[in-house]
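A, B, ... follow the sequence lines: proteins, then strands. Residue 1 opens every chain. What's counted below: heavy atoms across the whole structure, side chains too, no hydrogens, waters or symmetry copies.
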There are 2 protein chains.
Amino acid sequence: MDVRDTETILAATEDTYGGVTVDMKEKMDSNPFATSLTASMQLWKQQGKKGVWLKLPIELSDLVDVAKKEGFVYHHAEETYVMMVYWIPKTPSTLPANASHQVGIGAFVINDEGEILVVQEKYGKFGGTGLWKMPTGVVKEGEDISDCAVREVKEETGIDAEFVEFLAFRQNHKLLFSKSDLFFVCKLKPLSSTITKQDTEITDAKWMKIEEYMEQPFVKESESFSSVAEICNMAARKDDAYSGFIANPKTKKRPGAKSYLYCNKIR
Amino acid sequence: MDVRDTETILAATEDTYGGVTVDMKEKMDSNPFATSLTASMQLWKQQGKKGVWLKLPIELSDLVDVAKKEGFVYHHAEETYVMMVYWIPKTPSTLPANASHQVGIGAFVINDEGEILVVQEKYGKFGGTGLWKMPTGVVKEGEDISDCAVREVKEETGIDAEFVEFLAFRQNHKLLFSKSDLFFVCKLKPLSSTITKQDTEITDAKWMKIEEYMEQPFVKESESFSSVAEICNMAARKDDAYSGFIANPKTKKRPGAKSYLYCNKIR
């Protein structure tokens with residue numbers, strides 16, 4: 001077979017790193033796909049290509065096995081597709097890894113009376129323990145971390161709040177799906193006071209004196225909870241005893257797009 | 001067929017959220033797998049199960065198509081396996097998403113003479129532009145962000161350095177593989193001065209007066225670069241004009257495990 005017969009070579013786009021990407025959008029039977037993939041790989045090897053990316057929509061899941069037999073491995077997957085990859089050089093792969101971190105928030109919402117917003121959870125590690133804790137949650141795809149804190153507070157307690165600053169963050173490894181986790185403690189200012197708790201995940205919600213929060217046995221005994229509580233307690237003072245990272249909105253080049261640079265107040 | 005015939009039900013572990021996980025480790029032909037999967041799904045639906053997780057190692061890539069025909073979709077994939085999932089309830093899925101963020105660093109390494117460590121890159125956006133920039137890099141799987149900064153500086157320039165503090169961070173969306181990105185600007189203290197630049201990615205590396213760095217046209221014109229440069233310039237002063245987040249090591253319950261709580265200096 002002449003590998004230069006363009007009929008059998010898969011359509012591919014080139015990137016600036018010496019790689020090619022095949023984005024399979026049309027249905028193709030597995031036998032002609034196998035022939036084309038083998039021919040294409042021969043050509044790309046001759047051309048000195050490095051990484052070959054193969055994106056297969058879930059409708060073409062019968063081609064996954066074909067690609068695996070050709071030597072492809074998985075790179076990542078989302079609900080509707082799997083990305084497979086073949087690194088041609090003998091040297092170690094320099095292909096970029098997929099996302100490595102989950103991002104979560106804990107919301108420290110404190111009112112002018114020194115009361116903080118706390119909840120009891122139905123499920124998970126603290127379900128049924130009676131622990132009063134800050135609302136927490138996970139950043140959704142494409143969501144700003146500061147917006148996530150505002151959203152989670154609203155969802156769990158009905159309280160409107162605005163983001164003030166990041167007080168601290170923590171990185172942990174080997175958590176869900178063996179990925180790492182970044183957890184940001186955010187200070188928020190409440191804009192309303194009447195609690196309407198959410199029923200599916202939350203057993204109860206209330207305003208609690210910060211001293212009472214800190215006196216809970218679990219908070220005192222847990223190194224993690226007590227360290228964060230100590231920082232929150234500092235940040236609750238009105239003498240600027242603690243200074244976190246505020247959100248500086250930056251306009252991006254794309255119209256309508258913005259992003260935040262989070263940093264300390266510049267004095 | 002009696003779905004309670006345990007011979008045909010796939011071995012599964014239950015979780016506390018009403019879900020089951022099938023971790024396929026043994027080779028199984030696609031026909032008996034299809035029969036077992038259908039019978040298992042019938043049983044789990046009867047039992048009121050919610051999420052069904054199906055982990056398929058790449059050796060069993062021929063079963064991906066079977067699972068898709070049963071109604072499974074992709075959840076995520078790593079080099080050696082794909083995780084598929086089936087959400088049984090009629091209500092929206094509450095299954096946790098996979099990792100959503102890449103994490104990167106920029107290293108602001110400044111010596112006692114007010115010189116910062118800068119490099120010119122071969123590839124990527126700044127390749128061949130003549131821009132002197134800070135060393136940057138991506139956090140590897142399981143790596144602490146502060147360690148990543150130290151490693152990247154060493155790899156790109158040969159300079160030994162120690163982490164001092166985070167100066168700022170920025171979140172961007174819809175980048176590589178449509179994931180979000182968190183970029184942390186880290187201040188480091190150099191422990192050596194002789195540069196040995198890395199050849200594969202770096203064209204040149206040197207110590208440069210911070211004023212000269214800031215005077216580069218690209219740095220002045222880019223909102224992103226100029227904001228970060230301004231913060232770095234503050235952090236370069238010796239009067240504590242700027243205060244970042246330092247690393248507080250915390251001992252974890254697992255022996256030998258540690259993690260950091262990053263926060264402002266507590267005064």
Side-chain angles (χ1 to χ4, degrees), chain A residues 16-17 58 61-62 64-65 68 73-83 96-103 123 138-139 141-142 144-145 167-174 176-177 179-180 182 223-224 227-228 230-231 234 241-245 248 250-251 259-264 266-267, chain B residues 16-17 58 61-62 64-65 68 73-83 96-103 123 138-139 141-142 144-145 167-174 176-177 179-180 182 223-224 227-228 230-231 234 241-245 248 250-251 259-264 266-267:
Chain A
T16 55
Y17 299 92
I58 192 159
S61 55
D62 56 325
V64 172
D65 192 44
K68 177 248 172 184
V73 293
Y74 298 127
H75 184 273
H76 70 275
E78 297 293 334
E79 185 166 333
T80 57
Y81 75 90
V82 62
M83 183 73 88
N98 193 28
S100 54
H101 285 66
Q102 304 263 5
V103 179
Y123 306 110
V138 175
V139 172
E141 185 183 321
D144 285 329
I145 307 172
L167 298 179
F169 64 93
R170 188 166 187 151
Q171 189 189 24
N172 281 303
H173 302 298
K174 294 275 172 200
L176 195 64
F177 312 123
K179 297 289 184 174
S180 298
L182 274 167
E223 188 186 30
S224 174
S227 310
V228 169
E230 190 193 341
I231 292 168
M234 298 275 291
Y242 188 86
S243 167
F245 278 8
N248 292 287
K250 297 289 170 189
T251 310
S259 76
Y260 292 100
L261 180 68
Y262 298 104
C263 61
N264 207 323
I266 293 176
R267 282 168 277 197
Chain B
T16 56
Y17 299 91
I58 194 159
S61 55
D62 58 325
V64 171
D65 191 45
K68 177 251 174 182
V73 293
Y74 298 127
H75 184 272
H76 70 274
E78 297 292 333
E79 185 167 333
T80 57
Y81 76 89
V82 63
M83 181 73 87
N98 193 28
S100 53
H101 285 65
Q102 303 263 6
V103 179
Y123 307 110
V138 175
V139 171
E141 185 182 323
D144 285 329
I145 307 173
L167 298 179
F169 64 93
R170 187 166 190 152
Q171 187 188 24
N172 281 304
H173 302 299
K174 294 274 171 201
L176 195 64
F177 311 123
K179 296 288 183 175
S180 298
L182 274 167
E223 189 186 29
S224 173
S227 310
V228 169
E230 190 193 341
I231 292 168
M234 298 275 290
Y242 188 86
S243 168
F245 279 8
N248 292 286
K250 296 289 169 190
T251 311
S259 75
Y260 293 100
L261 180 67
Y262 298 104
C263 62
N264 207 323
I266 294 175
R267 281 167 278 195

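Each of V73(B), D62(B), I58(B) has some count of heavy-atom pairs under 4.5 Å with chain A, and the biggest count is that of I58(B). Counting heavy-atom pairs closer than 4.5 Å to chain A, the top residue among V64(B), V82(B), N248(B) is V82(B). For the options Q102(B), H75(B), H101(B), heavy-atom pairs under 4.5 Å to chain A are most numerous at H101(B). Heavy-atom pairs under 4.5 Å with chain B peak, among G142(A), P96(A), S224(A), A97(A), at G142(A). When each of N98(A), T80(A), L182(A), L167(A) is checked for heavy-atom pairs under 4.5 Å with chain B, N98(A) comes out on top.
Using a 4.5 Å cut-off between heavy atoms, S100(A) touches chain B through backbone and side chain atoms alike. Heavy atoms of I145(A) lying under 4.5 Å from chain B belong to its backbone as well as its side chain. Only the side chain of L176(A) comes within contact range of chain B, with heavy atoms under 4.5 Å apart. For V138(A), no part sits under 4.5 Å from any heavy atom of chain B, backbone or side chain.
By the side-chain hydrogen bond (donor to acceptor under 3.5 Å, both in side chains) test, H76(A) pairs with Y81(A), sequence neighbours left out. Evaluation of the side-chain hydrogen bond (donor to acceptor under 3.5 Å, both in side chains) rule for Y262(A) yields S146(A) as partners, not counting sequence neighbours.
Side-chain contact between H173(B) and D144(A): present, with at least one pair of heavy atoms (C-beta onward) separated by less than 4.5 Å.
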Can you check side-chain contact (heavy atoms from CB on, under 4.5 Å) on T16(A) and Y123(B), steps first, answer last? CA-CA 8 Å; T16(A) 55; Y123(B) 307 110; over 6 Å; no

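F245(A) and S243(B) make their closest contact through CE1-O, 4.1 Å (heavy atoms, listed as atom of the first residue, atom of the second, distance). Considering all non-hydrogen atoms of both residues, K179(A) and A99(A) come closest at NZ-O, 3.0 Å. Minimum interatomic distance between Y260(A) and R170(B) (heavy atoms only, all atoms of both residues): O-CG, 3.2 Å.
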